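Before any comments, here is the structure.
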Amino acid sequence: MVIEWLQVRVPPELREKYIQKDGEIWTAFLAGCPGFLGKEVWLNPNEPTEVILVIRWATREQWKSVASERLEEIERQFVQAMGEAFPIVQLAEYQIRKFPQA
């Protein structure tokens, strides 16, 4: 399993709308992609503009196989629904390290 980790800055007054539209548009799209396992939205109680998106993929190959044209199309739909773009300020990729069972 691999983790796609994204940090986005969203004004506090738009945060709930952002999360709702993200679920309706981005998560709905990702749910149809091979290898998509799930997504969580993390909120920092000490930084109200910070939204973290944690996306789980079965393999890195499946994650990276999503067509860039489709990603751009979904981003256009999202920007149209929000009325403005919210650039990703930081992104990272993680691998899950499991420990052997005793």
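Numbering of residues begins at 1 and proceeds along the displayed sequence. Owing to the predicted nature of the structure, the values given are computational and were not obtained by experimental measurement.
Shown here for Q90 and I88, the closest heavy-atom pair between the two residues is O-CG2, 3.2 Å. Listed here is the closest heavy atom pair of W57 and V66: CH2-CG2, 4.0 Å. Pairing each heavy atom of W26 with each of L71, the nearest pair is CH2-O, 3.4 Å. Shown here for I25 and Q77, the closest heavy-atom pair between the two residues is CD1-O, 3.9 Å. Of all heavy-atom pairs spanning D22 and K39, the tightest one is OD2-NZ, 2.6 Å. When all heavy atoms of P87 and V8 are compared, the pair lying nearest together is O-CG1, 3.9 Å.
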Worked verdict on R70 versus E73 for salt bridge (Lys or Arg N to Asp or Glu O under 4.0 Å): CA-CA 5 Å; R70 288 290 292 143; E73 179 184 324; 2.9 Å; yes

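Residue E13 qualifies as enclosed at atom CD: its count of foreign heavy atoms under 6.0 Å is above 12. In this structure, W42 places its CH2 atom where only 12 or fewer heavy-atom neighbours from other residues, nucleotides or ligands lie under 6.0 Å away. Atom CD of E75 has more than 12 heavy atoms from other residues, nucleotides or ligands within 6.0 Å.
Side chains of P11 and Y18 form no contact here, defined as non-hydrogen atoms less than 4.5 Å apart. Side-chain contact check for V79 versus E84: every heavy-atom pair is 4.5 Å or farther apart. Taking 4.5 Å as the limit, every side-chain heavy atom of L6 sits out of range of all side-chain heavy atoms of I52.
A salt bridge is defined here as a Lys NZ or Arg NE, NH1 or NH2 lying under 4.0 Å from an Asp or Glu carboxylate O, and K21 with E24 meets this definition.
Applying the side-chain hydrogen bond (donor to acceptor under 3.5 Å, both in side chains) definition to pairs two or more places apart or across chains, those involving residues 58-67 are E4-W63, T59-Q62, R60-E93.
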